[in-house]
Each structure stands twice: as C-alpha cells, then as structure tokens.
Amino acid sequence: MKTAPVLAVDGPGGAGKGTICRAVAARLDWHLLDSGALYRLVAAAAARAGVALDDEAGLAGLARDLPVRFEGEQVWLGDEEVSEEIRSEACGDRASQVAALPGVRTALVGLQREFRRAPGLVADGRDMGTVIFPDAELKVFLTASAEERARRRYKQLKEKGFDVNLPALSAEVAARDRRDAERAVAPLRPAVDAVVVDSTALDIEAVIERVLQELKRRGLAPDA
Ligand code: DC
C-alpha cells in the first residue's frame with residue numbers, strides 16, 4: 001500500500017516553521033503534526049502526575065499513553081483544554097528538558113507516525129526528516145540568523161505586553177541553538193537530502209511560495 005506523502009519541516013525555534021506549516025497544510029488540505037506540542041504535552045502531563053523532569057522512565061510512560069487530541073486550533077490533554085498552557089515560556093522550557101531524554105523521544109515515535117494519513121502530512125519539528133519520516137517526499141530545513149529569530153521573538157513578546165530585552169533574548173536563542181545542536185539524541189541538523197531555506201530576508205509569503213514550488217516540482221501540489 002502506498003503511504004501518504006510527507007512534507008518534513010525542521011529547523012531552530014523562531015525560524016517561522018509553525019506559521020509556514022499551518023499555511024501550507026491549509027492550502028493543500030493536508031494534515032498537520034506539531035511535534036513540539038507533544039513534548040510540551042508530556043511536560044504538562046508530568047506536572048499533573050507529579051513526575052519529575054529527570055525521571056526518564058516515568059516520563060516515557062506518560063509519553064507512551066499520552067491522551068492527546070488536536071481539534072483545529074485546540075489541544076486537549078484528557079478532558080482538559082491546554083492550548084494556552086502549553087504555549088507558555090515555562091512549558092517550552094520544561095519541554096526542552098523532556099525532549100533531551102531518549103526514552104521520551106522513542107515513546108513518541110509511533111504516535112507521530114500515526115499522523116501520516118491521506119491526502120498528506122505537513123510535519124513540523126526538529127527531527128521530522130532525520131528520524132521520524134526519513135522517507136519524507138520533501139524535507140525542508142527552515143532557518144534564519146540567530147539575530148533575526150531573536151528579533152521576531154522580541155516583537156511577538158512585546159505585542160503580548162511582556163517587558164523584554166533584545167540582547168538577553170539573543171543570548172538565550174544562541175544558547176538554545178547550541179543545546180539543540182549538541183544534544184546526544186536527535187541533534188538538530190538538516191537531513192542530507194533537505195532543501196535548506198534561509199528565511200532571514202524573506203517574508204512569510206515568499207517562504208510559503210518557495211515550499212509550494214518544491215512540492216510542485218515533485219508533483220505533490222497542483223500547478224495552479
Ligand atoms: O517547537 P517547540 O518550541 O514547540 O518545541 C518544544 C521543545 O521540544 C523544544 O525544546 C524543541 C523540542 N522538540 C524536539 O526536540 N523535537 C521535535 N520534533 C519538536 C520539538
């Protein structure tokens with residue numbers, strides 16, 4: 001049986017993956033996997049169950065039986081709607097600790113692969129093209145300079161009314177990049193067959209067009 005096509009989009013935080021993936025999935029009417037949300041959900045589930053963030057076996061157990069449901073923009077953990085909670089900086093921070101544990105990553109592989117359904121899947125993450133969908137029909141590694149990603153984050157947080165400082169954010173972005181690239185399991189790096197797209201000087205529409213073009217070249221998106 002032929003499996004549904006996958007567009008794997010990987011890259012560092014702040015490169016615009018979420019926005020691009022949502023837009024491309026909407027245009028093609030494909031499914032969307034926000035894999036970062038799964039690591040955030042494991043962190044949220046751990047807080048509820050009283051599991052410590054260094055208890056690898058306990059966290060892997062939670063990850064294996066994660067009662068997650070995505071309904072449009074809403075994310076549910078069991079019968080609780082947690083969309084806002086998992087987007088917080090605090091949850092992102094805990095998610096990055098959880099994501100460094102091999103047992104947790106392994107426990108989430110099957111769940112992520114279940115998202116591959118017809119007519120196709122846009123998978124947003126760090127290891128979509130390297131680990132989860134190594135046979136993806138198109139792999140995009142979306143990046144932007146650390147300064148530009150810090151600037152985008154600064155703008156986002158300012159708009160939400162937070163008091164933030166750009167040099168401190170830039171230092172945080174650089175530190176997180178190093179941690180992600182240097183971790184022992186699934187370090188962040190482009191798959192050998194990925195198309196690298198640098199969004200530093202591109203607006204969102206230009207990046208979407210670039211991705212759609214690559215899909216069309218492979219016969220995966222309509223020409224119109
Ligand atoms: O993309 P995000 O900020 O929602 O991701 C949350 C954390 O999970 C972040 O530290 C990176 C990590 N992550 C990962 O290790 N692998 C993925 N496929 C997705 C996210």
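Indexing begins at 1, ligand by ligand and atom by atom, following the structure's order. Quick note: numbers below take in every heavy atom, side chains included, and nothing from hydrogens, waters or symmetry partners. Quantities reported herein were computed from a predicted structural model and do not represent experimental measurements.
- Side-chain contact between Gln112 and Met128: present, with at least one pair of heavy atoms (C-beta onward) separated by less than 4.5 Å.
- Among all protein heavy atoms, the one lying closest to atom 12 (C) of ligand 1 is Ala99 CB, 3.7 Å.
- With respect to atom 13 (N) of ligand 1, the closest heavy atom belonging to the protein is Arg126 CG, 3.7 Å.
- Summary of contacts: the protein heavy atom closest to atom 5 (O) of ligand 1 is Gly36 CA, 3.6 Å.
- Of the residues listed (Thr130, Asp10, Asp193), the one engaging Lys139 in a side chain to side chain donor-acceptor pair (under 3.5 Å) is Asp193, and it is the only one.
- With ligand atoms numbered from 1 in the order given, ligand 1 contributes 18 (N) to contacts under 4.0 Å with heavy atoms of Met128.
- Residue, atom and distance of the protein heavy atom nearest to atom 19 (C) of ligand 1 are Ser35 OG, 3.4 Å.
- Taking the charged nitrogens against the carboxylate oxygens, Arg48 and Glu80 do have a contact shorter than 4.0 Å, which makes a salt bridge.
- Taking atom 8 (O) of ligand 1 as the reference point, the nearest protein heavy-atom neighbour is Tyr39 CB, 3.7 Å.
- The closest side-chain heavy-atom distance from Arg210 to Val140 is not below 4.5 Å.
- Under the 4.5 Å side-chain criterion, counting only non-hydrogen atoms from C-beta, Glu148 is in contact with Arg152.
- Counting only heavy atoms of the protein, atom 15 (O) of ligand 1 lies nearest to Arg105 NH1, 2.8 Å.
- At a 4.0 Å heavy-atom cut-off, ligand 1 does not touch Gln112 at all.
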Quiz item: Under the side-chain contact (heavy atoms from CB on, under 4.5 Å) criterion, do Leu121 and Arg117 qualify, and how do the steps go?
Solution: CA-CA 7 Å; Leu121 175 67; Arg117 273 174 280 136; over 6 Å; no
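- In this structure, the side chains of Trp76 and Glu81 come closer than 4.5 Å at one or more pairs of heavy atoms.
- Protein heavy atom at the shortest distance from atom 10 (O) of ligand 1 is Ser96 CB, 2.9 Å.
- Side-chain atoms of Gln156 and Arg153 include a donor-acceptor pair closer than 3.5 Å.
- Distances below 4.0 Å separate heavy atoms of Arg40 from the following atoms of ligand 1: 2 (P), 3 (O), 4 (O), 6 (C).
- Nearest protein neighbour of atom 7 (C) of ligand 1, counting heavy atoms only, is Ala95 CB, 4.0 Å.
- Gln97 does not count as a contact of ligand 1, since none of its heavy atoms falls under 4.0 Å from the ligand.
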